[in-house]
Amino acid sequence: MEFEASFSMTIGGRAVTGKHGFDVVNPATEAAIARAPDASRDELDAAVAAARSAFPGWAATAIDTRGALLVQLADALVAEIDGFARLLTAEQGKPHADARTEILASAYWLKGAASLALPATVNEDSPERHSETRHVPIGVVGAIAPWNYPMVLAMFKVGPALRAGNTVVLKPSPFTPLTTLKFGELAARILPAGVLNTISGGDQLGPWLTEHPGIDKVSFTGSTATGRRVMQSASATLKRVTLELGGNDPAIVLPDADVEALAEPLFWAAFANNGQVCIATKRMYVHERVYDRLKQALVAYARTVKVGNGAEQGTQLGPVNNAVQFRRVRDLIADARTQGYQFLTGGEPHAGPGYFVPVTILDNPPEASRIVQEEQFGPILPLLKFSDVDEVIARANASEYGLGASVWGTDEDAALAVAQRIASGTVWINETQHLSPLAAFGGMKQSGLGVEGGTEGLLEYTNAQTLVRRRKASDC
Ligand code: NAD
């Protein structure tokens, strides 16, 4: 195997290999590259118990000390970027340069969380009483991450959860457990034992975690279908939940957009990370006045993009991450072909090995088509024509999702007026996918519940507690 070193879970500061394991596959070759531990229920119990016993000490640690340790952890991660990036490309498929960017972003998110403060509100300060609301940590957080950005999306949770004084049991996707397990080993050198536990396993592990009575909050990133199950399971013990779920983001290109200049950013809005981005543009609505010009510019740009093994120099798009997603994307392509939609590029999935799908752009398929209505999460994009702004806003909003959206045009005020009418957690104007650890990010409708990032995101890892002090008569 490419990575002969053993990968361990981190439970209570100790490396635990576990009795059973499963193969992790490189999506560019379909070869097994390493074995990851397949946690038993007992091992999950041990991770939760370790997090519970570490909680009082960590919660009592000064917030500045917690922040300093997060900064130290971020620096340690960057110091080992070469190994982490190589591992991330091998298990996720993304090109090496993108893997490095993800590791740097992970460190940036940890540092961002370390800079956030917990606000306190004085409700009353009168001769009779002092009333103040503060924010206290919840307890043990079960953090569940997906496979598209396994490291940085885990850090979206780890940073604020630890900053606020919680302890964490972190579970990566079974498709991408390796970088997270290595991160757990790194963190064990810096954080007190039990503060951050990592645990890997198969399909049974997520439900065990969300139903576990020793977990107080679940922070989940993944699909909307799984998010519903997580919420249901968490309800048994009224766990707090933050759900970051799927999206079907529209981009709206207005008639005054400089489409030749925008072809490149619009291409990457849809195809970065092979479209496997929750906030990828998944439907591109283009005004009829500029539709043909943008179509030509996008197709010309797509022809310059190199698809291949992410470990090879110059690769811009790697394979789709896993066999399940590969089948799903192929199925959407087959559906488009059966329905007779026009392909501008792509459409012929690679025979293998490797889960490669060529960049596929469809020319104005019907609004009711599967590729427009469903989240594709792969390198296939419908280009859609519109003639009227009110009509396109209605089409953009006619979705159960409401994660992100973008509006593109030269007149910023006109673009802003459109953006304000879109029902999604974030709307970008003349850019997309810009996120910050200092800004709230979350979904409307069935794209999620709660937010990550910013003070609002930090507060999701706390309970509000109001302390009311009656003043002594002598104080009045
Ligand atoms: P997924 O829902 O299949 O899995 C996500 C995680 O949940 C994995 O770790 C998985 O092992 C675990 N899991 C699976 N079933 C579970 C259950 N019943 N209970 C608890 N945990 C369970 O999602 P995925 O395929 O890994 O990721 C792709 C999806 O994630 C897309 O829909 C994408 O839009 C979404 N996503 C959302 C965001 C966001 O911030 N909103 C970010 C990235 C990805």
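Counting begins at 1 with the first residue of the sequence. We count ligands from 1, going down the list as the structure has it; atoms in each ligand are counted the same way. The figures here come from the full heavy-atom set of this structure, side chains too, leaving out hydrogens, waters and symmetry mates. Just so we're clear, the structure is a prediction, and the values are computed from it rather than from any experiment.
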Ligand 1 contact by [X], heavy-atom criterion under 4.0 angstrom:
X: G443; answer: no
X: A145; answer: yes
X: F156; answer: no
X: P172; answer: yes
X: F175; answer: no

Ion pair [X]/[Y], N-O distance below 4.0 Å:
X: R328; Y: E374; value: yes
X: R41; Y: E211; value: yes
X: D331; Y: R370; value: yes
X: D45; Y: R52; value: no
X: R189; Y: E80; value: yes
X: E460; Y: R240; value: no

With a cut-off of 4.0 Å, which atoms of ligand 1 are near a heavy atom of [X]?
X: I144; value: 6 (C), 7 (O), 9 (O), 12 (C), 20 (C), 21 (N)
X: V230; value: 19 (N), 20 (C)
X: L153; value: 42 (C), 43 (C)
X: T226; value: 1 (P), 2 (O), 3 (O), 13 (N), 14 (C), 15 (N), 16 (C), 17 (C), 22 (C)
X: L403; value: 41 (N)
X: E244; value: 37 (C), 38 (C), 39 (C), 40 (O), 41 (N)
X: P174; value: 11 (O)

Heavy atom of the protein closest to [atom] (residue, atom name, distance):
atom: atom 7 (O) of ligand 1; result: F220 CE1, 3.1 Å
atom: atom 23 (O) of ligand 1; result: S223 N, 3.4 Å
atom: atom 28 (C) of ligand 1; result: F377 CE2, 3.5 Å
atom: atom 18 (N) of ligand 1; result: P207 CG, 3.6 Å
atom: atom 21 (N) of ligand 1; result: G206 CA, 3.4 Å
atom: atom 39 (C) of ligand 1; result: C278 SG, 3.3 Å
atom: atom 37 (C) of ligand 1; result: L245 O, 3.0 Å
atom: atom 30 (O) of ligand 1; result: G222 C, 3.0 Å

Check whether any protein heavy atom sits under 4.0 Å from atom 11 (O) of ligand 1.
yes

Do the side-chain N and O atoms of K157 and T221 include a donor-acceptor pair separated by under 3.5 angstrom?
yes

Flag the pair W408 / Y285 as yes when their ring centroid distance falls below 6.0 Å, and as no otherwise.
no

Give a yes or no on whether the ring-centroid distance for Y301 and F267 is below 6.0 angstrom.
yes

K182 charged N/C atom sitting above F7 aromatic ring, 6.0 Å / 45°:
yes

Given the ring of Y149, does K94 sit roughly above its face, with NZ or CZ under 6.0 Å from the centre of the six-membered ring and within 45° of the axis?
yes

Quick one: pull up CZ in F377 and CG in N273 and give me the separation to the nearest 0.5 Å.
8.0 Å

Does [X], at its [atom1] atom, have more than 12 non-hydrogen atoms belonging to other residues, nucleotides or ligands within less than 6.0 Å?
X: Y341; atom1: OH; answer: yes
X: Q232; atom1: CD; answer: no
X: K19; atom1: NZ; answer: no

N or O pair under 3.5 Å between [X] and ligand 1:
X: P146; answer: no
X: E375; answer: yes
X: W147; answer: yes
X: K171; answer: yes

